[in-house]
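Heads up: the structure comes next, in C-alpha cells.
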Amino acid sequence: MAENFRRNTELPEVVSQFEQMLKENSVVFFEINTYEQLVEHYLEDGDTSKALQVCEIAEGQYPFSTEILLYKARIYSFDNQFEEAFEAINKAISLQPTDSELLHFQGNLYSMVSDYDNAIDSYERALPFSEEPAEVLYSIGYIYQSQMRYSKAIGYYKKALKQDLEHDDALFELSFCLDALGNLDECLDFFNELIEEDPYNSLAWNNLGITYGKLNRFKDAEKAFEYAVLINDDFANGHFNLGNTYMNLKQFGKAYEQFKRVLEVEGASAEIYCYLGASLEGQENLTSALRYFKLSMEEDKEYEDAWYGMGMCLSKQGKWFESIHFLKKASDLNPHQMKYFLALAEVEYNVGNTISSLEYYERAAVLDPSEPNIWLNWSFIYYEEGNTLEAVDVLLRGLDEIADNADLLYRACAYLIVEGKYVEAADYLETALLLDYDKHTQLFEFFPESQTQKAILKIIQQYKS
C-alpha cells in the first residue's frame, strides 16, 4: 500500500523511514533530493547493495531522473558490473544527450574497460558543454598517458592548465610526461609563456616555481614564488611553497616567516603547525619547535610528521627514551617510511639497545636501500664493537644497491685499512677517488694519526691526476 509523499526531514529520520519501508514491503514517496541523500548515505557506509535498492525504487518513481541513473551507473561500476553500468549511463544520455557530467562518466566507464577510443570520444562530446573543461581535458590527457603517448598527453595537460592553473593533477602529470621524455625544461617554457601573456598571474608564477623545485633549482624557485606572493599577499599556497623552498635552501628563519603567513591566511592546521615546528627545529630552537609539533598533534592525533618531529627534537635534546615513544608512534602510523626506522635505529643505539638498533637498520634498508646513511651508520655499529669484517659486509650490501656512492667506498676503504687488508682497501680507494676526489678528506677524519694520514695521502697522490 502506498503512503503519502514524504518531504525531506532530517536524514536519520529519512533513513529510518526507508528501512521501515523495506521491512514492511510498502511504498513511500520521497522527493528526488531525498533519494539522492539516501544513496550518498549508504555509499558512505560502503553498502552498495542498499544504495542500489534506493536507486531502483527512486527510478520507479522518477523514471526520467538522470541523477538517479548516474548513481546507478556509478554503483554498478564500483562492483565491476560494467554491462549494467553502461546500460544505466546510456539511458541517462538518451534523456540528456548534452549533459557533460553524464558524457564524462561514460568516458570514465570506457576507460575502466580499456576502450580508449570510445573514452576519448565521450570526453570530446562532453567538452563543449562542460562547466569544468579543465577536468575533461585532463581526462583525455590521462588516457593518452596510459597508452604512453606522452606527447599527446602533454598537449591536453597544457590545455587543461590554461583553463585552470590550480589543477594540481594536470600539473603533476604534465611534469611526469615531460620528465619521461627527458624534457622537463619544456614545462618552464610553458609557464614562462603564460607569464609573458599575463605577468601578474600569481598562479603561473607559482607553477613556474614548482617546476624549478622539481629540477632542484631552488634559487630560481625562490624568485618565482616571491613574485607569486608579491602579486597576491593572501596567496597561501604561494607562501607555503616559498617556505618549503627556504627549507631546501636551509634558510629556516625565512621559512618560518612564510609558514606564519600561511597560518594567518588559512588558519590552524596540523600541517602548518608541523612545518612551523620543522623550521624552528632547523634553527635549533627546539623548545619552540616542540610546542608547534604538540599543537600539530592536537589538531590531528594521527599526523605522523608531527610525531616524527617531536621525536627528532627530543633526540637532539638527548632525551632518548622520550624520543623513542614518539618515533615508534610515527612508524606505527606509517610503517612504509624509511626515515622513521632510521631515526629509531640511531636512538635505540644511543640508549644501548644494540639488537633493536640493528633490526631497525634492517627495516630501513628494506624500505629504501638507496639511502647511504643507513649503510654507513649500520656498519659503524659493528665497527665500534670490533667486528670490522661484519661492518665491511654491511657496506658491501649497500654497494650492491648504490655502487657509485663514494661515501660507502671511502668507508669500506677505512674499515679494510683497520683490518690490515691494504690491497683491497686500495681498490676501493681508487674507485672512490675516481667518483669524488674531494671527499677523500673523510679518511683523515677517520684516522687522526699523522703517520696513517701520510700513508693514505701518498696513495691518494698517485691517483690525483
Side-chain angles (χ1 to χ4, degrees), residues 179 182 214-219 247-250 282 312 315-316 337-350 354 357-465:
D179 199 21
K214 289 178 184 292
L215 291 165
N216 294 324
R217 293 171 58 178
F218 297 118
K219 292 301 292 183
M247 292 291 285
N248 284 314
L249 292 169
K250 310 298 182 188
M312 292 303 291
S315 173
K316 289 178 180 179
Q337 180 58 267
M338 175 277 296
K339 67 179 181 180
Y340 301 159
F341 295 104
L342 179 57
L344 275 167
E346 293 169 0
V347 174
E348 290 281 13
Y349 185 66
N350 282 318
T354 303
S357 177
L358 293 172
E359 289 174 352
Y360 283 128
Y361 278 124
E362 184 79 58
R363 292 187 69 176
V366 169
L367 290 170
D368 186 4
S370 66
E371 171 52 58
N373 285 325
I374 297 171
W375 308 103
L376 292 169
N377 297 351
W378 186 1
S379 69
F380 195 69
I381 293 178
Y382 288 115
Y383 173 75
E384 282 207 321
E385 292 184 340
N387 194 345
T388 310
L389 290 178
E390 187 68 35
V392 172
D393 284 342
V394 170
L395 289 177
L396 291 178
R397 285 180 59 185
L399 286 165
D400 283 341
E401 302 290 344
I402 37 176
D404 59 349
N405 186 273
D407 293 316
L408 298 187
L409 290 161
Y410 281 118
R411 182 66 65 83
C413 172
Y415 291 160
L416 289 165
I417 289 172
V418 170
E419 198 63 24
K421 295 179 178 286
Y422 302 113
V423 175
E424 290 180 52
D427 288 339
Y428 284 105
L429 178 58
E430 180 181 3
T431 307
L433 290 167
L434 289 169
L435 284 170
D436 194 329
Y437 178 85
D438 293 336
K439 284 188 174 182
H440 74 265
T441 54
Q442 62 187 264
L443 286 175
F444 301 145
E445 297 168 9
F446 211 86
F447 297 107
E449 306 88 356
S450 60
Q451 284 300 112
T452 309
Q453 286 192 5
K454 286 178 183 177
I456 293 170
L457 189 59
K458 187 176 180 180
I459 299 169
I460 288 171
Q461 286 175 337
Q462 295 177 28
Y463 299 102
K464 189 171 184 179
S465 61

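Start at 1 with the first residue, then count along the sequence. For clarity, every value in this text was computed on a predicted model and none was experimentally measured. Computed over heavy atoms, backbone and side chain alike; hydrogens, waters and symmetry mates excluded.
Between H440 and F444, the ring planes are perpendicular. Angles over 60° get that label, and only those under 30° would be called parallel.
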Exercise. When you look at L433 and Y410, which way does the side chain to side chain contact (heavy atoms under 4.5 Å, CB included) test go after all the steps?
Worked result: CA-CA 9 Å; L433 290 167; Y410 281 118; 3.3 Å; yes
Problem set entry | Test log, rule side chain to side chain contact (heavy atoms under 4.5 Å, CB included), inputs Y382 and V392 | CA-CA 9 Å; Y382 288 115; V392 172; over 6 Å; no
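For the atom pair CG (N405) and NZ (K439), the distance works out to 6.5 Å, reported to the nearest 0.5 Å. Considering CH2 of W378 and OH of Y360, their distance stands at 14.5 Å, rounded to 0.5 Å. Rounding to the nearest 0.5 Å places CG of L443 at 6.5 Å from CG of L429. To the nearest 0.5 Å, the span separating CD on E384 from OG on S379 amounts to 10.5 Å. With rounding to the nearest 0.5 angstrom, the CH2 atom of W375 is 9.0 Å from the CG atom of L408. Interatomic distance, D393 CG to E390 CD, rounded to the nearest 0.5 Å: 5.5 Å.
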Can you give each donor-acceptor pair under 3.5 Å made by side-chain atoms of residues 365-374, sequence neighbours left out, with the distance rounded to 0.1 Å?
residue: D368; atom: OD1; partner: S370; partner atom: N; Å: 3.2
residue: D368; atom: OD1; partner: S370; partner atom: OG; Å: 2.5
residue: E371; atom: OE2; partner: N373; partner atom: N; Å: 3.0
residue: E371; atom: OE2; partner: N373; partner atom: ND2; Å: 3.2

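In this structure the side chain of T354 reaches within 4.5 angstrom of the side chain of E385, judged on heavy atoms. Between Y361 and V394 there is no side-chain heavy-atom pair separated by less than 4.5 Å.
Of all heavy-atom pairs between A425 and C413, the closest is O-SG, 3.5 Å. Across every non-hydrogen atom of T388 and Y415, the tightest pair is CG2-O, 3.4 Å.
Note: F446 and Y383 meet the aromatic proximity criterion, with ring centroids under 6.0 Å apart.
Just one residue in the list D404, L434, L435, L395 forms a side chain to side chain contact (heavy atoms under 4.5 Å, CB included) with L409, and that residue is L435.
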